[in-house]
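Some notes on the structure that comes next.
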Amino acid sequence: MRADGQPFALSQLRGKWVLLVSAPGGCDARCAQALYATRQARTIQGRERERVQRVWLVTDDAAPDAALLAQHPDLQVARVPRAVLAGLPPARTEST
């Protein structure tokens, strides 16, 4: 379910390059860095940036901070049950 209460399905983004971040609504420093990285990845696509859709899968019942969301106006936020997350491929992260 999206933050606005509408249903959400990844299939709605068919044809887009999707960058997913899954994290609790509290969004710690690592989460904030991941969201920033997806924003930068979208920005560097230049003319193709509209092909990139960023999605934050909120993994708990906590509400994301409004100030954080304001920094990411093109970010889709969806709350997902843990069972759905279990069906996704494992996370790929880069060490810094």
Side-chain angles (χ1 to χ4, degrees):
M1 174 137 338
R2 292 187 339 204
D4 63 5
Q6 297 297 315
F8 175 80
L10 284 175
S11 62
Q12 298 168 335
L13 303 176
R14 191 171 312 277
K16 296 276 190 176
W17 301 336
V18 179
L19 300 175
L20 285 175
V21 173
S22 64
C27 196
D28 61 13
R30 187 173 183 174
C31 166
Q33 179 61 37
L35 292 177
Y36 174 79
T38 65
R39 187 177 69 208
Q40 294 303 102
R42 182 178 187 272
T43 299
I44 65 173
Q45 298 307 312
R47 295 181 316 186
E48 300 293 329
R49 75 177 165 266
E50 295 305 317
R51 296 180 70 181
V52 178
Q53 180 58 61
R54 302 177 323 119
V55 178
W56 176 9
L57 300 178
V58 178
T59 60
D60 62 8
D61 293 330
D65 181 63
L68 177 65
L69 293 177
Q71 297 173 21
H72 301 278
D74 65 314
L75 180 67
Q76 286 195 28
V77 179
R79 190 168 315 280
V80 294
R82 289 195 183 271
V84 172
L85 290 174
L88 294 175
R92 291 181 17 191
T93 60
E94 294 182 38
S95 59
T96 55

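No experiment lies behind these values; they were computed from the predicted model shown.
Once rounded to the nearest 0.5 Å, the distance linking CG of Leu20 with CD of Gln76 reads 10.5 Å. Expressed to the nearest 0.5 Å, how far CG of Leu13 lies from CZ of Phe8 amounts to 5.0 Å. To the nearest 0.5 Å, atoms CD (Gln71) and CG (Asp65) are separated by 8.5 Å.
Side-chain contact check for Arg39 versus Pro73: every heavy-atom pair is 4.5 Å or farther apart. Between Val21 and Leu75, every side-chain heavy-atom pair lies at or beyond the 4.5 Å cut-off.
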Pairs under 3.5 angstrom only: tabulate donor-acceptor contacts from the side chains of residues 50-61 to other protein residues two or more places apart or in another chain.
unit_1: Glu50; atom_1: OE1; unit_2: Arg42; atom_2: NH2; d: 3.4
unit_1: Glu50; atom_1: OE2; unit_2: Arg42; atom_2: NH2; d: 3.3
unit_1: Arg51; atom_1: NH1; unit_2: Glu48; atom_2: OE1; d: 3.3
unit_1: Gln53; atom_1: NE2; unit_2: Asp74; atom_2: O; d: 3.1
unit_1: Arg54; atom_1: NE; unit_2: Asp74; atom_2: OD1; d: 3.4
unit_1: Arg54; atom_1: NE; unit_2: Asp74; atom_2: OD2; d: 3.2
unit_1: Arg54; atom_1: NH1; unit_2: Leu35; atom_2: O; d: 3.0
unit_1: Arg54; atom_1: NH1; unit_2: Thr38; atom_2: OG1; d: 2.8
unit_1: Arg54; atom_1: NH1; unit_2: His72; atom_2: ND1; d: 3.4
unit_1: Arg54; atom_1: NH2; unit_2: His72; atom_2: ND1; d: 3.2
unit_1: Arg54; atom_1: NH2; unit_2: Asp74; atom_2: OD1; d: 3.0
unit_1: Trp56; atom_1: NE1; unit_2: Ala23; atom_2: O; d: 3.1
unit_1: Asp60; atom_1: OD1; unit_2: Gly25; atom_2: N; d: 2.8
unit_1: Asp60; atom_1: OD1; unit_2: Ala62; atom_2: N; d: 3.1

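Closest approach of Pro64 to Arg79, counting heavy atoms only: CD-NH2, 4.2 Å.
Under a hydrophobic-cluster definition in which Ile, Leu, Val, Met, Phe, Trp and Tyr are linked whenever side-chain heavy atoms come within less than 4.5 Å, directly or via other members, Leu10 and Val77 are assigned to different clusters.
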